[in-house]
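In each ligand, atom 1 is the first atom listed, and ligand 1 is the first ligand listed. Here the structure is a predicted model, which is why all the values come from computation and not from measurement.
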Amino acid sequence: QSLLPPGYTLRALRSNDYERGFLQVLEVLTEVGGHTKEEFTEQFNYLKKHNHEYHTITITEDAKDQVVAVGTILVERKFVHKNGLVGHIEDIAVNSNQQGKKLGLRIIQALKFIGAERGCYKVILDCSEKNVPFYEKCGFKQKEVEMAWYV
Ligand code: ACO
């Protein structure tokens with residue numbers, strides 16, 4: 001079920017993925033910010049220190065040693081559902097020249113697995129209307145409405 005195409009590897013984000021184009025993959029989503037290596041490392045170290053809450057994974061293309069797909073699940077602690085855990089899937093991105101090879105699906109399958117292993121009672125995410133069919137293929141159902149407030 002979770003077979004990658006040959007020549008690709010799925011693994012946790014590494015401290016030297018800055019050099020492997022991790023932030024460039026995120027540019028398919030939104031403005032990323034032109035980090036220096038130090039700015040990337042500062043955030044990486046925070047996530048590492050909180051690695052029971054933040055799980056960021058990547059798929060790399062082995063031949064080029066480049067990151068081509070990324071995603072994160074954030075595990076939130078709640079009081080409801082008796083101190084329940086909810087997984088939030090964030091920042092899913094596949095390089096534009098690598099889309100359509102099921103890399104996005106493999107990222108989501110891996111994040112759902114992590115969420116289930118961590119004991120989340122549900123895993124949720126926000127997405128645009130045009131990505132609804134993709135997430136349905138990944139086993140999600142449309143529910144509720146997203147609200148946003150920009151500072
Ligand atoms: N409309 C309809 N079906 C789609 C779409 C779409 N927009 N995108 C993918 N699918 C289908 C595929 O056809 C495939 O179906 P199949 O199994 O019947 O062949 C299935 O969904 C899996 O597709 P993948 O090949 O895994 O998709 P891909 O690797 O291209 O990743 C993604 C999809 C993540 C949306 C990618 O196109 C991308 O990075 N887009 C730009 C950034 C983006 O929008 N990210 C999601 C933001 S939402 C969030 O982060 C929570």
In the protein, which heavy atom is nearest to [atom], and how far is it?
atom: atom 18 (O) of ligand 1; result: Lys137 NZ, 3.0 Å
atom: atom 49 (C) of ligand 1; result: Tyr135 OH, 3.3 Å
atom: atom 27 (O) of ligand 1; result: Phe134 CE1, 3.6 Å
atom: atom 3 (N) of ligand 1; result: Pro133 CB, 3.8 Å
atom: atom 19 (O) of ligand 1; result: Lys102 NZ, 2.8 Å
atom: atom 51 (C) of ligand 1; result: Asp126 O, 3.2 Å
atom: atom 7 (N) of ligand 1; result: Lys130 O, 3.3 Å
atom: atom 28 (P) of ligand 1; result: Gly100 N, 3.7 Å

[Y] backbone acceptor or donor facing [X] side chain under 3.5 Å:
X: Glu39; Y: Thr36; result: yes
X: Arg118; Y: His52; result: yes
X: Lys112; Y: Cys138; result: yes
X: Asn45; Y: Glu42; result: no
X: Glu53; Y: Val75; result: no

key: Validation row: Val70, Leu26 side chains within 4.5 angstrom (heavy atoms)   =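 Yes; the side chains approach each other to less than 4.5 Å.
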
For ligand 1, which atoms sit closer than 4.0 Å to a heavy atom of [X]?
X: Leu103; value: 26 (O), 29 (O)
X: Lys101; value: 25 (O)
X: Ala93; value: 39 (O)

request  = Anything under 30° is parallel, anything over 60° is perpendicular, the rest tilted; go ahead and classify Phe140 against Tyr135.
outcome  =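 Answer is perpendicular, since the angle exceeds 60°.
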
ask   = Hey, mind stepping through Tyr121 and His81 against ring pair (Phe, Tyr, Trp, His ring centres under 6.0 Å) and telling me if it holds?
value = CA-CA 8 Å; Tyr121 71 91; His81 292 271; 4.0 Å; yes

message = Are any of the N/O atoms on Gln98, whether in the backbone or the side chain, positioned under 3.5 angstrom from an N/O atom of ligand 1?
response =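 Between Gln98 and ligand 1, no N or O pair is found under 3.5 Å apart.
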
inquiry  = For ligand 1 and Val28, I'd like to know whether there is a polar contact (N/O to N/O, distance under 3.5 Å).
reply    =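 No - when backbone and side-chain N and O of Val28 are compared with those of ligand 1, no distance drops under 3.5 Å.
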
4.0 Å protein heavy-atom contact status of atom 23 (O) of ligand 1, strictly under =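 Flag for atom 23 (O) of ligand 1 set to true, protein heavy atom closer than 4.0 Å.
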
request  = Establish whether atom 12 (C) of ligand 1 and some protein heavy atom are separated by less than 4.0 angstrom.
outcome  =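 Not a single protein heavy atom is under 4.0 Å away.
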
message = Applying side chain to side chain contact (heavy atoms under 4.5 Å, CB included) to Arg11 and Asp17, what does each step give before you reach the verdict?
response = CA-CA 11 Å; Arg11 57 162 174 76; Asp17 282 338; 2.9 Å; yes

task = In sequence, state the C-alpha distance, the side-chain angles, and the governing distance for Leu85 and Glu76, and then conclude on side chain to side chain contact (heavy atoms under 4.5 Å, CB included).
result = CA-CA 6 Å; Leu85 299 174; Glu76 177 205 0; over 6 Å; no

Pick one of side chain, backbone, both or neither for how [X] approaches ligand 1, counting any non-hydrogen atom pair under 4.0 Å.
X: Phe140; answer: neither
X: Gln99; answer: both
X: Asn131; answer: side chain

inquiry  = Checking Thr56 against Phe22 for the side chain to side chain contact (heavy atoms under 4.5 Å, CB included) test, could you report, in this order, the C-alpha distance in whole Å, the side-chain angles of both residues, the deciding distance, and whether it holds?
reply    = CA-CA 11 Å; Thr56 295; Phe22 169 72; 4.1 Å; yes

Of the choices [options], which has the non-hydrogen atom that lies closest to [atom]?
atom: atom 46 (C) of ligand 1; options: Ile92, Leu26, Asp91; result: Ile92
atom: atom 43 (C) of ligand 1; options: Thr30, Leu105, Leu29, Ile124; result: Leu29
atom: atom 29 (O) of ligand 1; options: Ser96, Cys127, Gly104; result: Gly104

request  = Answer yes or no: are there more than 12 heavy-atom neighbours, outside Lys37 itself, under 6.0 Å from its atom NZ?
outcome  =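 Correct, the count exceeds 12.
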
message = Tell me whether Val94 shares a hydrophobic cluster with Ile108, the cluster being built from Ile, Leu, Val, Met, Phe, Trp, Tyr side chains joined at under 4.5 Å.
response =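 Yes: a chain of side-chain contacts under 4.5 Å links Val94 to Ile108.
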
